[in-house]
Amino acid sequence: MFGFLKKSEKEKLKAKYEKLIKEAYKLSHIDRKASDLKMAEAQEVLDQMEALN
């Protein structure tokens, strides 16, 4: 009934990617190593998004 409200897998990954990028930016001011780990995690999500195309 409300199928149009569900997010596609690509939309979910995009939201997760944007969240990780924001967290990495915030961490970059405090802990560079943690920021780099978040960026690596974001890159994995980006690779998953590209695999869906």
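What you see below is based on every heavy atom in this structure, not just the backbone, and it leaves out hydrogens, waters and symmetry mates.
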With a 3.5 Å cut-off and sequence neighbours excluded, list the donor-acceptor pairs that the side chains of residues 42-53 form with protein atoms.
unit_1, atom_1, unit_2, atom_2, d
Q43, NE2, D47, OD1, 3.1
N53, OD1, K10, NZ, 3.1

ILVMFWY cluster membership beyond I30 - transitive side-chain contacts under 4.5 angstrom:
none
Identify all side-chain donor-acceptor contacts of residues 16-29 below 3.5 Å with residues at least two apart in sequence or on another chain.
unit_1, atom_1, unit_2, atom_2, d
E23, OE1, K38, NZ, 2.9
S28, OG, Y25, O, 2.5

According to salt bridge (Lys or Arg N to Asp or Glu O under 4.0 Å), who are the partners of D36, at least two apart in sequence or on a separate chain?
R32
